[in-house]
Amino acid sequence: MTDQYGRQVRYLRISLTDRCNLRCRYCMPEQGVDLCAHADLLRYEEIVAIARAALDCGIDTFKLTGGEPLVRRGVPVLVAALKALPGTRQVTLTTNGLLLGDQLDALVAAGLDAVNVSLDTLDETQYHTLTRRAFAPGAVVDTVRAAARRLPVKINAVLLPETADQWLPLARLAADPGVDVRFIEQMPIGKGEADPGLAGDKVLAVLRQAWPDLAPCHEPRGNGPAHYYKSAGLTGRIGFIDAVSHRFCASCNRLRLTCTGMLRPCLCYDDGTDLRALLRGGAGPDELKKAVEQAIAAKPEGHCFGAGHGSRQTMNRIGG
Ligand code: SAM
Ligand code: SF4
């Protein structure tokens, strides 16, 4: 279905939980996280019912996210259920990678099409400071390599001033077959609001010192707003998600479903439709479809970050 600004909406990001085993500085508070009650989370059968309604409206691609989606039990079961729906084109996952190694076999068997792994630094001290947890980034890299032998993998790194020395080491991971590396501008949402962002152009200038032939590549890749560069020295691509500096809204093709069932037309605004209330109030497929159509029609033309009033919710709740 096309929205009022001519954008075809084909993609639904589904947050499975607001819980996470990390506390990334730009995403969640360090302490006192206000978690929602288990009973308030959408059940898997409710998510599948919403996905059916979305498919009826022309959405055919689902991304599972969170919080950390893999802290929720049975994700491969949900992947298989979504893949089994007639019309589903792709089901992918965004994860911090810590639990991916253990679940990789089951996820691949369930039909997962691709995975995004968030990793902002390879430096252990920086990783501990940024994530406020004592896990090893090296283990995430090992999992990325294991996953890339079976699925397309994209590494997502949020751009932060203190990890500038990591841009090159992170980009070098795109020398591995099956791995793209993408740099994301920090968005002024939730905990990201306090920090000044860094523009993707700065990274490109640094990477060009190592790969002077880095050039834009125009073939479509993935479902998102990234733009990509290629070098003869890298097997994978380098991507940029310029969420703030170059507004990506003109090509925005997505809706977001929060873990408690709010369907949101835009990341930036807090309004949405409470699909959980509809479902638990006995709504059938037609009412759900109408609600999805309304959300597509309500997509605003663009985000409001520059205006200094992003969403008040933290990213783990929205499903970044
Ligand atoms: N826990 C999973 C992960 O980290 O990939 C999935 C959820 S996380 C909210 C999804 C993505 O949002 C991650 O790539 C994370 O880096 C990104 N993110 C969180 N807060 C952000 C912010 N303020 N600006 C830009 N990206 C952000
Ligand atoms: Fe957790 Fe992902 Fe947010 Fe980091 S970015 S705190 S891993 S939900």
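In listed order, ligands and their atoms are each counted from 1. Count residues from 1 along the sequence.
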Closer than 4.0 angstrom, basic N to acidic O: yes or no for [X] and [Y]?
| X | Y | value |
| --- | --- | --- |
| Arg25 | Glu162 | yes |
| Arg150 | Asp105 | yes |
| Arg280 | Glu46 | yes |
| Lys290 | Glu287 | no |

In ligand 1, which numbered atoms sit nearer than 4.0 Å to a non-hydrogen atom of [X]?
| X | answer |
| --- | --- |
| Tyr26 | 16 (O), 18 (N), 19 (C), 20 (N), 21 (C), 23 (N) |
| Asn96 | 2 (C), 3 (C), 5 (O) |
| Ser118 | 3 (C), 4 (O), 5 (O), 13 (C), 14 (O) |
| Glu68 | 1 (N), 2 (C) |
| Glu185 | 25 (C) |
| Val158 | 16 (O), 26 (N) |
| Thr65 | 6 (C), 7 (C) |

> In terms of atom number and element, which parts of ligand 2 are under 4.0 angstrom from non-hydrogen atoms of Cys20?
Replying inline: 1 (Fe), 6 (S), 7 (S), 8 (S)

> Is ligand 2 under 4.0 Å from a heavy atom in the side chain of Cys24, in the backbone, in both, or in neither?
Replying inline: both

>> Tell me whether Lys83 at atom NZ has more than 12 heavy atoms from other residues, nucleotides or ligands lying less than 6.0 Å away.
In response: yes

> Hey, does Cys27 come in under 3.5 Å of ligand 1, counting only N/O atoms on both sides?
Replying inline: no

> Has Ser118 got any heavy atom lying under 4.0 angstrom from an atom of ligand 2?
Replying inline: no

> Any chance the side chains of Arg182 and Asn156 put a donor and an acceptor closer than 3.5 Å?
Replying inline: yes

>> Testing the 3.5 Å rule here: is there a donor-acceptor pair between the side chains of Tyr11 and Asp60?
In response: no

> Side chain, backbone, both or neither: which part of Asn116 comes within less than 4.0 Å of ligand 1 when only heavy atoms are counted?
Replying inline: neither

> Using a heavy-atom cut-off of under 4.0 Å, does the side chain or the backbone of Thr94 touch ligand 1, or both, or neither?
Replying inline: both

> Who's closest to atom 1 (N) of ligand 1 heavy-atom-wise, of Pro69, Cys20, Gly67?
Replying inline: Gly67

>> Between Arg276 and Asp40 (side chain of the first, backbone of the second, donor and acceptor by atom type, cut-off under 3.5 Å), is there such a pair?
In response: yes

>> Centroid separation under 6.0 Å, is that true for the rings of Tyr229 and Phe240?
In response: yes

